[in-house]
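Working notes, beginning with the structure itself.
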Amino acid sequence: MSKRIIVWLPLLVLIALAILFYKGLYLDTNKVPSPFIDKKAPSLILPDLLNPQQQVNLADWKGQVVLLNVWATWCSGCLLEHPVLNAIAKENLAPIIGLNYKDNSQKAKEWLQKSGNPFTAIPNDLSGEVAINWGVYGAPETFIIDKQGVIRYKFIAPISLDDWKNKLRPLVIQLQGERL
Amino acid sequence: MSKQLNIILLSLVICLCSVTILALDTTEFSDAKQQARYQALTNELRCLVCQNESIAGSSSELAQDLRAQVAEQIKTGKSDAEIRTYMTERYGDFILYRPLNAGKTRLLWLAPILLLLLFCVIFISIVNARSKAIIEDEEVV
């Protein structure tokens, strides 16, 4: 009996490996899990893009569920995502803070004038230092921050309308239902 | 038609021959020890934008920014461990090319030893079974 198992063992190992490698083919390694999930959001205090004398401080939104979207005009995915952000903003469900990441401020302003401004505030991160503190490694990236100022979710990729309807909006509504 | 083909082929050849110019890292330290630490650290940290490169080898903007961070922190007297912690706090363990010998990735470090032990056990059991079989054969003869 035990001999029989030994005879079949190589085949079983081979099948197991084949399944493992097949699954590996579809792993998206570009999406690195954020170590910030369920941790307090790092501080974010930066001058506003449209009104540089004014400081935007994320902590001012404490008590509200907030979307933090990292964007730039050099990022083609962000331009693709923009109409979706506009649609989200129209719903008036949650404020969208648009962290402008290492962008040309002039171009950013022109883009918003042309395509609409979905953002409640636009902290301007010219050096990218704040973005590093948030573990940003590309754009667009979207964080969902709960009422306590804790990061609950990170979406890496342009948000599609489907993503918003099926993933992000239900989470925002769930988090809005949580007690402060 | 063949002229067009020639042009396409020629442009292909030109594309393949073009040399990728890498941004040279010009960061300098007054202290050779710090320079060595900088080299070692930037070679051990993964560039998350182009994941098969280290931040030393990548010319992406994020890699440049992270190299600058490493240089600055070395100059302000941070230890290697502190700099690694700074990176993993922000980007997760994935940024380390050398996986941690702890938690989820400990198995990676133990795997060679475990496999070696397993094969030793299999080897010994096979040798034992065969020598037993030989002895039994001899007894029969």
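In what follows, every chain begins at residue 1, and chains take the letters A, B, ... in the order their sequences are listed.
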So for atom NZ, which belongs to Lys107(A), do other residues, nucleotides or ligands contribute more than 12 heavy atoms lying within a distance under 6.0 Å?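 No, not enclosed.
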
Count the heavy atoms belonging to other residues, nucleotides or ligands that lie under 6.0 Å from CD of Gln55(A), then report whether that count exceeds 12.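 Enclosed: over 12 neighbouring heavy atoms sit under 6.0 Å from CD of Gln55(A).
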
Is it true that Tyr101(A) and Trp71(A) have ring centroids separated by less than 6.0 Å?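 Not close enough - the centres of the two rings lie 6.0 Å or further apart.
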
Just by modelled atom types, is the Leu100(B) backbone N or O under 3.5 Å from a matching donor or acceptor in the Thr105(B) side chain?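 Such a contact is found between Thr105(B) side chain and Leu100(B) backbone.
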
Would you mind checking if Arg169(A) and Glu91(A) are paired as a salt bridge, meaning a charged N to carboxylate O distance below 4.0 Å? yes

Hey, is Lys102(A) close enough to Glu61(B) for a salt bridge, meaning N to O under 4.0 Å? yes

Residue by residue, which of residues 81-94 of chain B have a heavy atom closer than 4.5 Å to a heavy atom belonging to chain A?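 Within residues 81-94 of chain B, the residues that come under 4.5 Å of chain A (heavy atoms only) are Tyr86(B), Thr88(B), Glu89(B), Arg90(B), Tyr91(B), Gly92(B), Phe94(B).
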
Quick one: what part of Tyr137(A) sits under 4.5 Å from any heavy atom of chain B, side chain, backbone, both or neither?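 Backbone plus side chain of Tyr137(A), per the 4.5 Å heavy-atom cut-off to chain B.
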
